Colleague: 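Below is a structure I'd like to ask you about.
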Protein chains: 2
Amino acid sequence: MRQVPAKLASKLYGAAELIAERGLADAKVDEIADAAGIPKATLYYYFSGKDEVLAFLLADMLELIAGEGGTAASAPGSARDRLESAVEAQLAVMLDHPAVCRALVGDLGRATRLPELAAALQEAFHRPIASLLAEGVSDGTLRPVEDPGAVALSIFGAITVTGLSVAVEGSSNDSATDAARIAASICDLMLNGLATTPANTGLEGDR
Amino acid sequence: MRQVPAKLASKLYGAAELIAERGLADAKVDEIADAAGIPKATLYYYFSGKDEVLAFLLADMLELIAGEGGTAASAPGSARDRLESAVEAQLAVMLDHPAVCRALVGDLGRATRLPELAAALQEAFHRPIASLLAEGVSDGTLRPVEDPGAVALSIFGAITVTGLSVAVEGSSNDSATDAARIAASICDLMLNGLATTPANTGLEGDR
DNA sequence: TCTATCTTGAACTCTCAGTACAAACTCTGA
DNA sequence: TCAGAGTTTGTACTGAGAGTTCAAGATAGA
């Protein structure tokens, strides 16, 4: 895949909607090219096929998510507060790119079969959460858990599925507010839990 | 799609691994037929194409999940306990059918573009959780939340992403134990939360 | 200007999903 | 045992569309 010029990249986003709508398999290359407003020959000059077009779009968004999430995660403040910011930041990027998100969920398989994309996914979502959990234990704002990997995965799942669902369903017109609302709901759940009876949060002592 | 005989259905599971590995798009119909050990003509006698083969496999598994989850959800006991059982039951079925799960995640797009499958997905995963949350509020074993829909979605996301991840990575040889362990981890998180400072759930207790 | 890289239209090849169909086989019921 | 319906399969075919090729313009840097 050649270095993609910015102008071309922005045009490609015009095809994301089409891919999201119909799925990569049912979107003909000619249609993708039409939707992006570029000739098919140009498309093949830069990409080896439609798989690579999707991969490019996804990589672009994941980079954004990793960036925003990373910024939030490394800000000053307690790990717990940063976790909340990171969740919100990730959701905000997703809701800003609903078409790409929908394309992602639709062709997740292709995405995870491309090793560098799978790595980017990991990097964008999972890594920052996992490290914030560990930091939270260190600074005492989060309690330690039995299986941190599974917990990070659960949070990751909650964010992505919720975000994707909103992207698919279509959110209101103010995506930033939506992101904040959903993030608050997820964080409330993850931090405070649902139990009414005091179960077993070992919160008395501390680290 | 004709009524699929049980013998044929069981053979089709032999193709799930192939579909999971390569994705539906890259799995040729001839290969799918070979993997299942049936002639292509027979395949087309029962299905209109490979999409329908995948749809059949998924529908089969989702029905199983809905069944097990539903049974757990309607057992006697507090809503909170039943929630834990339902989570574990859903995970158990997923870990019992790793190839189908991987195929599902790989071609989720196709799946959600088939309306009856999307409905089955909803029915299998989301519905039982959402109603258990509501029941938990009624019977007092779970606290009410701001946005029950988002919370149900989050739990749904935690279960599926964790389950799918294990299905993709490959679990140990005892899938039932794995399911129990992961379910415990998810439920601990969802019920008790991660916060050390008492926000909402704050009494203390022990384990 | 000269040269390298980019851009594009158009015609091409080739793989494969899906179709067609007839022969054989199985089962049921009379 | 036969007739008919439904099922199973081999084989050959068709058509769509992904990806290729190429040569002629456009553009831009030296």
Side-chain angles (χ1 to χ4, degrees), chain A residues 1-60 103 106-111 113-114 117, chain B residues 1-60 103 106-111 113-114 117:
Chain A
M1 174 161 41
R2 276 167 222 260
Q3 175 61 37
V4 179
K7 193 176 167 190
L8 175 59
S10 77
K11 284 186 177 176
L12 284 176
Y13 274 91
E17 180 66 34
L18 173 75
I19 296 175
E21 202 61 49
R22 308 245 299 273
L24 196 60
D26 289 338
K28 296 171 198 156
V29 171
D30 294 272
E31 293 174 331
I32 293 176
D34 278 0
I38 54 174
K40 186 167 86 153
T42 303
L43 204 152
Y44 275 104
Y45 181 75
Y46 284 102
F47 303 99
S48 73
K50 50 177 173 171
D51 287 40
E52 238 183 51
V53 173
L54 178 64
F56 170 78
L57 248 21
L58 296 184
D60 215 50
D107 288 277
L108 199 55
R110 247 175 262 252
R113 232 165 281 116
L114 273 6
L117 262 192
Chain B
M1 175 162 39
R2 277 166 221 260
Q3 175 62 35
V4 179
K7 194 176 165 188
L8 175 59
S10 77
K11 284 186 176 177
L12 284 176
Y13 274 91
E17 179 69 32
L18 173 74
I19 296 176
E21 202 62 49
R22 310 243 299 274
L24 197 59
D26 289 338
K28 295 169 200 160
V29 171
D30 295 271
E31 293 174 330
I32 292 175
D34 278 0
I38 54 173
K40 187 168 88 153
T42 303
L43 204 151
Y44 275 104
Y45 181 74
Y46 283 102
F47 305 98
S48 74
K50 48 177 174 171
D51 286 41
E52 239 185 47
V53 173
L54 178 64
F56 170 79
L57 250 19
L58 296 184
D60 215 50
D107 288 278
L108 199 54
R110 247 176 260 250
R113 231 166 280 115
L114 272 6
L117 262 190

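Below, all heavy atoms of this structure are taken into account, side chains as well, without hydrogens, waters or symmetry copies. Naming: A, B, ... by sequence-line order, numbering from 1 per chain. Computed from a predicted structure; not experimentally measured.
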Colleague: At their closest point, which heavy atom of A/Ala33 faces which heavy atom of A/Pro39, and how far apart are they?
Modeller: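 Distance-wise, the nearest heavy atoms are CB-C, 4.2 Å.
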Colleague: Using side-chain heavy atoms (C-beta onward) and a distance below 4.5 Å, is A/Leu18 in contact with A/Asp34?
Modeller: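 A side-chain contact under 4.5 Å is absent here.
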Colleague: Nearest-nucleotide wise, let me know which of A/Tyr45 and A/Pro39 is further upstream toward the 5' end of DNA chain C.
Modeller: A/Tyr45
Colleague: Any donor-acceptor pair under 3.5 Å linking the side chain of B/Lys50 with the backbone of B/Ala27?
Modeller: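 It does hold such a pair.
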Colleague: Heavy atoms of chain A, cut-off under 4.0 Å: which first and last nucleotide of DNA chain C, 5' to 3', fall inside that, if you could look?
Modeller: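 Terminal contacting nucleotides, 5' to 3': C/dC6 to C/dG9.
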Colleague: Grab the two heavy atoms, one from B/Ala16 and one from B/Leu57, that are nearest each other, plus how far apart they are.
Modeller: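 Shortest heavy-atom separation between B/Ala16 and B/Leu57 comes out as CB-CD2, 4.2 Å.
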Colleague: Could you name each residue pair satisfying ring pair (Phe, Tyr, Trp, His ring centres under 6.0 Å) that touches residues 9-52 of chain A, not counting sequence neighbours?
Modeller: A/Phe47-A/Phe56
Colleague: If you look at every heavy atom in A/Ala20 and A/Ala103, which pair is closest and at what distance?
Modeller: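 Answer, listing the atom of A/Ala20 first, then A/Ala103: CB-N, 3.8 Å.
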Colleague: Is there a side-chain contact between B/Leu12 and B/Ile38, using heavy atoms and a 4.5 Å cut-off?
Modeller: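 Counting from C-beta outward, B/Leu12 and B/Ile38 do come under 4.5 Å.
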Colleague: Just by distance, do the side chain of A/Glu31 and the backbone of A/Lys28 share a donor-acceptor pair under 3.5 Å?
Modeller: yes
Colleague: Using whole Å, report how far CG of B/Leu8 lies from P of D/dT7.
Modeller: 12 Å
Colleague: For each nucleotide in nucleotides 18-30 of chain D, reading 5' to 3', give B when a protein heavy atom comes within less than 4.0 Å of its base, S when such contact involves only the sugar-phosphate, and - otherwise.
Modeller: SBB----------
